[in-house]
Amino acid sequence: MLTGTIPDIFKTGILTPFHKKKKDPTLTTNYRGITVTFVLGKIFEYALLEKMPDMNVNQTEIQFGFTKGLSPIMAALIVSEGILHAKQQKKNLYLASFDSQKAFDVVHHMILLEKIYYEVPTDVWRVIQNLYLNMSTEVKWNNHTMGLNGKGGLNPKTAYKIYQAYVLPRLLYGLEILHLNLTQIGKLRQFHIKTIRCFQSLPIRSSTAAVYMLIGAVPIEAELHKRQLSLLYSTLVSENTKLKTLMERQLIVNSENTESFFPRVQEILQYYSLMPIHELKKISQQNFNGKSKLTQP
């Protein structure tokens with residue numbers, strides 16, 4: 001901070017290209033690069049953020065991406081509840097969406113730095129400027145693969161941890177806000193059990209209870225419930241008035257309609273003998289730092 005100079009290792013990353021689905025793999029533009037930077041450099045960046053002033057004071061409440069305490073799933077929740085309302089009113093709902101292609105790739109760093117020059121302390125600005133000087137990237141391109149089970153494969157528990165960390169989040173992303181029917185749940189359950197059974201090299205005739213118990217797994221319904229309860233918690237502790245208003249409305253207008261997220265999650269709370277939403281809301285309001293207990297005392 002005194003010199004405004006950042007170690008070069010903090011500005012070096014390893015880039016792994018990921019192929020975009022249904023795109024021509026022979027074109028380099030059809031790969032998305034994910035860069036992993038030095039851990040200490042990332043810690044330094046978080047420390048630097050603490051010295052930055054709040055530059056989001058004029059941010060609209062309907063921006064959910066790149067906003068602390070919010071996520072795009074919450075925006076999708078508002079849209080899904082809007083669709084339900086339109087169906088109930090028998091009205092058309094028109095939704096327009098757009099994406100700024102390669103927006104983060106074409107941002108001119110020096111222009112951005114000029115914009116924030118008078119908004120941040122001088123020493124912090126010099127450090128940020130230095131972060132963008134002489135950056136370097138190494139590309140990782142490795143087609144080597146490893147089996148998940150069998151000879152030379154991974155330990156079943158290790159394979160399951162990888163499945164939890166990388167497969168389940170992608171498999172279930174966004175499904176917590178949707179009202180899934182029995183057929184859809186059945187397909188998810190079949191894939192989930194088959195995968196976990198494969199990790200353990202168990203025969204098809206193995207009981208479902210044994211498949212879960214031997215590796216410490218939970219049913220796919222429970223995985224969905226965890227995500228639905230997590231979204232409810234994020235809504236309760238959020239300061240976003242749009243979400244709070246939506247929750248209040250749906251709990252009154254659609255209290256018996258499980259096509260709405262909030263009545264549906266109310267049933268999940270009852271299933272696990274947890275506090276109802278109105279009780280959880282009181283706790284979240286009383287707790288200054290937003291950390292509340294979700295279970296009965």
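- In terms of heavy-atom proximity, Leu113 sits nearest to Trp125 at O-NE1, 2.8 Å.
- One distance of note links CG of Leu229 with CD of Glu176; it measures 11.0 Å at 0.5 Å rounding.
- Annotation: His179 is not in aromatic contact with Phe261 [ring centroid separation under 6.0 Å not met].
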Exercise for review: Take Ile185 and Leu224 through the test side-chain contact (heavy atoms from CB on, under 4.5 Å) and record every step on the way to the result.
Suggested key: CA-CA 10 Å; Ile185 290 289; Leu224 278 168; 3.8 Å; yes
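- Linking Ile, Leu, Val, Met, Phe, Trp and Tyr residues whenever their side-chain heavy atoms come within less than 4.5 Å places Leu40 and Leu131 in a single cluster.
- From Leu77, atom CG reaches atom CD of Glu81 across 5.5 Å, with rounding to the nearest 0.5 Å.
- At distances below 3.5 Å, not a single donor-acceptor pair connects side-chain atoms of Thr158 with backbone N or O atoms of Pro156.
- The residues Glu259 and Lys87 are annotated as salt-bridged, a charged nitrogen and a carboxylate oxygen being separated by less than 4.0 angstrom.
- Asn130 places a side-chain N or O within 3.5 Å of a backbone atom of Ile6 that can act as its donor or acceptor partner.
- A continuous path of Ile, Leu, Val, Met, Phe, Trp and Tyr side chains, each step under 4.5 Å between heavy atoms, connects Leu180 with Tyr173, placing both in one hydrophobic cluster.
- Atoms CD1 and CD, from Ile196 and Gln164 in turn, are 8.5 Å apart once rounded to the nearest 0.5 Å.
- Remark: Glu61 CD is packed, more than 12 non-hydrogen atoms of other residues, nucleotides or ligands lying under 6.0 Å away.
- In this structure, Ser206 contributes its side chain and Pro203 its backbone to a donor-acceptor pair below 3.5 Å.
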Practice item. Quick one: do Leu188 and Leu175 satisfy side-chain contact (heavy atoms from CB on, under 4.5 Å)? Show the steps, please. Key: CA-CA 11 Å; Leu188 288 170; Leu175 296 187; 3.9 Å; yes
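- Leu182 CG: 12 or fewer foreign heavy atoms inside a 6.0 Å radius.
- Within 6.0 Å of CD in Gln63 there are more than 12 heavy atoms belonging to other residues, nucleotides or ligands.
- Contact annotation: the side chain of His192 approaches that of Tyr212 to within less than 4.5 Å [non-hydrogen atoms, C-beta and beyond].
- Ring geometry for Phe191 versus Tyr163: interplanar angle of 30 to 60°, hence tilted.
- At least one side-chain heavy atom of Phe262 sits under 4.5 Å from a side-chain heavy atom of Leu246.
- Annotation: the span from Asn257 atom CG to Gln250 atom CD amounts to 8.5 Å, rounded to 0.5 Å.
- In this structure, Ile62 places its CD1 atom where only 12 or fewer heavy-atom neighbours from other residues, nucleotides or ligands lie under 6.0 Å away.
- Residues Leu202 and Met213 fall into different hydrophobic clusters, defined by Ile, Leu, Val, Met, Phe, Trp and Tyr side chains chained together at heavy-atom separations under 4.5 Å.
- Between Lys187 and Thr183, some side-chain heavy-atom pair lies under the 4.5 Å cut-off.
- The shortest heavy-atom contact between Gln228 and Ile268 is OE1-CD1, 2.8 Å.
- A donor-acceptor pair under 3.5 Å is formed between the side chain of Gln200 and the backbone N or O of Val211.
- Contact between Ser71 and Phe64 at its shortest, heavy atoms only, is O-CB, 3.3 Å.
- Atom CD1 of residue Ile193 and atom CD1 of residue Ile204 lie 12.5 Å apart, to the nearest 0.5 angstrom.
- Tyr160 and Val167 fall within a single hydrophobic cluster, where Ile, Leu, Val, Met, Phe, Trp and Tyr side chains are chained together by heavy-atom contacts under 4.5 Å.
- More than 12 heavy atoms of other residues, nucleotides or ligands lie within 6.0 Å of NZ in Lys11, so this atom counts as buried by the packing criterion.
- Considering CE of Met247 and CD1 of Ile252, their distance stands at 10.5 Å, rounded to 0.5 Å.
- Using a 4.5 Å cut-off on side-chain heavy atoms (C-beta onward), Ile177 and Val79 make no contact.
- Shown here is Lys157, whose NZ atom has no more than 12 heavy atoms of other residues, nucleotides or ligands within 6.0 Å.
- Counting only distance, with no hydrogens or angles, the side chain of Ser260 and the backbone of Pro263 share no donor-acceptor pair below 3.5 Å.
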Exercise for review: Determine, stepwise, if the pair Thr37 / Thr12 fulfils side-chain contact (heavy atoms from CB on, under 4.5 Å).
Suggested key: CA-CA 6 Å; Thr37 54; Thr12 301; over 6 Å; no
Practice item. Determine, step by step, whether Leu274 and Glu279 satisfy the side-chain contact (heavy atoms from CB on, under 4.5 Å) criterion, reporting the C-alpha distance in whole Å, the side-chain angles of both residues, the deciding distance to 0.1 Å, and the verdict. Key: CA-CA 10 Å; Leu274 300 173; Glu279 292 292 336; over 6 Å; no
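- With salt bridges taken as basic N to acidic carboxylate O contacts below 4.0 Å, none links Glu267 and Arg264.
- Residues Leu95 and Ile83 share a hydrophobic cluster, clusters being chains of Ile/Leu/Val/Met/Phe/Trp/Tyr side chains in contact below 4.5 Å.
- Contact check for Ile128 versus Ile116: side-chain heavy atoms found under the 4.5 Å cut-off.
- For Ile14, the CD1 atom is loosely surrounded, since the number of other residues' heavy atoms within 6.0 Å does not exceed 12.
- Smallest separation of non-hydrogen atoms from Glu119 and Lys115: CG-O, 3.9 Å.
- Under a cut-off of 6.0 angstrom, the local environment of CD1 in Ile9 is sparse, with at most 12 non-hydrogen atoms contributed by other residues, nucleotides or ligands.
- Taking each heavy atom of Leu231 and Met74 in turn, the nearest pair found is CD1-CG, 3.8 Å.
- Using bins of under 30°, 30° to 60° and over 60° for the plane-to-plane angle, the ring pair His225/Tyr272 lands in the perpendicular bin.
- The shortest distance between side-chain heavy atoms of Leu70 and Ser238 falls below 4.5 Å.
- With a 4.5 Å cut-off on side-chain heavy atoms, Ile73 and Arg227 do not count as touching.
- Cys198 places none of its side-chain heavy atoms less than 4.5 Å from the side chain of Thr195.
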